Number of protein chains: 2
Amino acid sequence: MTYDKNYFLSLKKQFEQELFESVLPFWEKHSPDKKNGGYFNCLDRDGSVYDSTKHVWLQGRQVWMFSKLYREVQQRPEWLDLAASGMKFLRQHAITPQGRVHFTLTADGKALYTQRKIFSECFYTLALNEYAIASGQTDLQQEALQEFEKIWEFSQDASLVGRPSTPGDPGFKTLAIPMIMLNLMEELSGDNHSKFQTEVDTCLAQIKKHVIDQTVYENISPDGGIVNTSAGRLLNPGHAIEAGWFLQHWAIRLKDDQLSELATNIVRWSFDKGWDKKYGGIIHFLDGGGYNPVQLEWDMKLWWPHCEALYAHLLNYFTHRDDADLQRFKQTYDYTFKHFPDKEHGEWFGYLNRSGEVTHRFKGGPYKGCFHVPRTLWLCHKLISEKVDDL
Amino acid sequence: MTYDKNYFLSLKKQFEQELFESVLPFWEKHSPDKKNGGYFNCLDRDGSVYDSTKHVWLQGRQVWMFSKLYREVQQRPEWLDLAASGMKFLRQHAITPQGRVHFTLTADGKALYTQRKIFSECFYTLALNEYAIASGQTDLQQEALQEFEKIWEFSQDASLVGRPSTPGDPGFKTLAIPMIMLNLMEELSGDNHSKFQTEVDTCLAQIKKHVIDQTVYENISPDGGIVNTSAGRLLNPGHAIEAGWFLQHWAIRLKDDQLSELATNIVRWSFDKGWDKKYGGIIHFLDGGGYNPVQLEWDMKLWWPHCEALYAHLLNYFTHRDDADLQRFKQTYDYTFKHFPDKEHGEWFGYLNRSGEVTHRFKGGPYKGCFHVPRTLWLCHKLISEKVDDL
């Protein structure tokens, strides 16, 4: 392979340009709600607001992103101000009377909907912790730890967030839970890698159960088997790839070679299975039994699996120096940068059909905000910066 | 136009063939669960079962369909037996301890999930009523009426089925509720057109509020206005077209010319707006404000809006004899019969991408069962049979 130091340096520069000249300006310019605080996250192609509903996952993620950039990239006061606006809005409006976290709010912060899931709590806590460190407010960091303890209980018993249980329910264990918990614990533990040792071990053991015959199942039975239904056979390659790099981070922290090997393989297996041989790009959903997934959007190409794959392959390469991972990175890079960035208005499109045409013109929606694109650009840039001199 | 009696006679014959030689045999052969009763409704292209989960909407609808065919088309004992098997399964397993109706069951009838919506109740009651008449069990018809009274209460107060209300909730009134109630009341009242007069008037008044500036909005505010969010601007052309023919049936029953005019226009406006000028076919979702719908599947072509449009246009034509409706019928017919029927294994595909390629190979899934295709073939056939001699 001919990839040398210069290749990575030019890549680093491109990621920097994309982040600073296209992606961040879009959110800085269009998302702030100057009246109520927080962010508009439903933004049309040109940044205009088409729905003022505020999705709490995306509010929390944007607080996290700007706090992180302030702390790790550059201490721009306007970034901390932007994070502060979202944090204040969330602390004022996102908490339910029962101490849970809402899923959606109106522009002025009235409660709209609360999910029977833990993810609003997770992204709220990610925001709280990172903003606390960035702004130097240790009381908020303490608050984040208290939130975490609550989420941990929820994560082990779904009935605590109101999920009903029924006699026929297979009691699925879902990959999303140990994944997000590992990510949250990485963030909350900082340099103290053994801070959540028991909880981390629990999550690692849980995730390993989802890997059966070189395939990562999204939902498994409580005893770790495959349930022979569409939901039980569901594969979500982008999600598994994201789980892969979460695991790789823990493998590096824990200096666990076996875990690192598994993390690498999870990314490789999921990517190779999810890559569309006909049109390119990562397919959103597959059925592990070879049936047709029932999700209507199964064959679409979404921006976030490609973001996850960019960083996961690069991390694998710099961890193991296997050219096959660099080849996978290049394949993902070519598809991603050809299809997703909007050169006219900035940021990236989020949704393509199977053959790669943009199907949704908006830049922000109920599930797409200021998160996956800047996170991957920042992570890739950071990784190359740290590793390029070792080449 | 050159459409004469012979055109309709050949159409009638084609619908009959499609129903008797392709669609019904598929369900008769592949859906019966001989062990537990009821029907497998997740059937792959060739009819093999890929998921044994039983979706109660589809179980109820299949009971209804075979009972209706037994009563209106031909008294084949095997059709009544098939309906009886589903009815028995539902009566044994579908009712919750609180007297509601589950959404999904395992193959052997264990409860899986209960929605906070009224539609399981509606399709259960449609089944109960039609099966009662077909089998001559008047006690079951009485039971259907009692179910209806409960559903009516639910339909006027969503909190009764556990829908939470929040301070920011716009309190959407959704088209689906008065629509399905009108359909249910048509079925339950038989020839006694004034049986539910107050309830019918209420639903007609509710539906009329959804029509604003020649556009049928799926969700409106309690005072009948447009809510300026993606959900508030949502258009579902196929659903509006279905509402149109439900209304036309009531207009005919009530001899209400003004209502008939509105019903016709609802179909015309929704079809003209929903028709994809680029690729043909009816688009699944639109945004009334011209924005991009947020639903990932917005630009797909689903089988059921095309089924609804086939019958709605034909009904409009035979009601008003305006060639423009026959033209719309022909346009729908050409697209539908070119794209949806599976000539190899029978029945129809359910899901196409925007350009008309089949994206989901299965014939039955969580929302597609033995219902829309046979219902429209039967309704169109029946209508032509009744009206063709008037031409």
Side-chain angles (χ1 to χ4, degrees), chain A residues 42 44-45 48-54 93 96 102 104-114 162 164-170 227-233 284 287 289-300 302 350-351 353-355 357-362 364-368, chain B residues 42 44-45 48-54 93 96 102 104-114 162 164-170 227-233 284 287 289-300 302 350-351 353-355 357-362 364-368:
Chain A
C42 289
D44 210 351
R45 184 178 176 193
S48 56
V49 179
Y50 64 88
D51 188 331
S52 65
T53 303
K54 288 176 176 163
H93 303 294
T96 78
H102 291 298
T104 40
L105 303 166
T106 59
D108 60 354
K110 290 196 199 77
L112 258 172
Y113 188 67
T114 315
S165 173
T166 52
D169 193 330
V227 178
N228 194 19
T229 61
S230 296
R233 295 186 307 260
H284 191 26
D287 179 300
Y291 295 100
N292 202 120
V294 291
Q295 288 78 6
L296 298 200
E297 69 274 26
W298 78 273
D299 68 348
M300 292 180 72
L302 274 60
Y351 305 91
N353 63 18
R354 184 161 180 189
S355 61
E357 294 165 316
V358 173
T359 52
H360 294 65
R361 73 175 192 222
F362 53 74
Y367 294 93
K368 182 174 186 289
Chain B
C42 290
D44 209 352
R45 184 179 175 191
S48 56
V49 178
Y50 64 89
D51 187 333
S52 64
T53 303
K54 288 175 176 163
H93 303 295
T96 79
H102 290 298
T104 39
L105 303 166
T106 59
D108 60 354
K110 290 196 198 77
L112 260 172
Y113 189 68
T114 315
S165 173
T166 50
D169 193 330
V227 178
N228 193 19
T229 61
S230 295
R233 294 185 307 260
H284 192 25
D287 179 300
Y291 294 100
N292 202 120
V294 291
Q295 288 79 5
L296 298 200
E297 70 274 26
W298 79 273
D299 67 349
M300 291 181 72
L302 273 59
Y351 305 91
N353 64 16
R354 184 161 180 189
S355 60
E357 293 165 316
V358 173
T359 53
H360 294 65
R361 72 176 192 221
F362 54 73
Y367 293 93
K368 181 174 186 290

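Please read all numbers here as calculations on a predicted model, not as lab measurements. Residue numbers begin at 1 in each chain, while the letters A, B, ... track the order of the sequences.
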*Go through the atoms of L105(A) and report whether side chain, backbone, both or neither lie under 4.5 Å from a heavy atom of chain B.*
neither
*asked:* Tell me which of these, T166(B), D169(B), T96(B), N292(B), has more heavy-atom pairs under 4.5 Å with chain A than the rest.
replied: N292(B)
*Can you tell which part of Y351(B) gets under 4.5 Å to a heavy atom of chain A, answering side chain, backbone, both or neither?*
side chain
_Just so I understand: if I count every heavy-atom pair under 4.5 Å between each of G289(B), P293(B), S52(B) and chain A, which residue has the most?_
P293(B)
_Is the shortest side-chain heavy-atom distance between P170(A) and L112(B) below 4.5 Å?_
yes
*Would you say the side chain of R354(B) lies within less than 4.5 Å of the side chain of N353(A), judging by non-hydrogen atoms?*
no
_Selection from T229(A), D287(A), T106(A), T104(A) maximising heavy-atom pairs under 4.5 Å formed with chain B_ = T229(A)
_With a 4.5 angstrom heavy-atom cut-off, is it the side chain or the backbone of E357(A) that approaches chain B, or both, or neither?_
side chain
_Proximity breakdown for P167(A) and chain B, heavy-atom pairs closer than 4.5 Å_ = both
*Test item: V294(A) and F362(B) side chains (from C-beta on) under 4.5 Å apart, heavy atoms*: yes
*Between T53(B) and chain A, which part of the residue has a heavy atom less than 4.5 Å away: side chain, backbone, both or neither?*
side chain
_Contacting moiety of T359(B), where chain A heavy atoms sit under 4.5 Å_ = both
*Mark yes or no for whether D51(A), through its side chain, and S230(B), through its backbone, hold a donor-acceptor pair below 3.5 Å.*
yes
*chain B heavy atoms under 4.5 Å from D44(A): which part of the residue, side chain, backbone, both or neither?*
side chain
*Which bit of R233(A) comes within less than 4.5 Å of chain B, counting heavy atoms only: side chain, backbone, both or neither?*
side chain
*asked:* Minimum heavy-atom separation for Q295(A) and H360(B), please, with both atom names.
replied: O-NE2, 2.9 Å
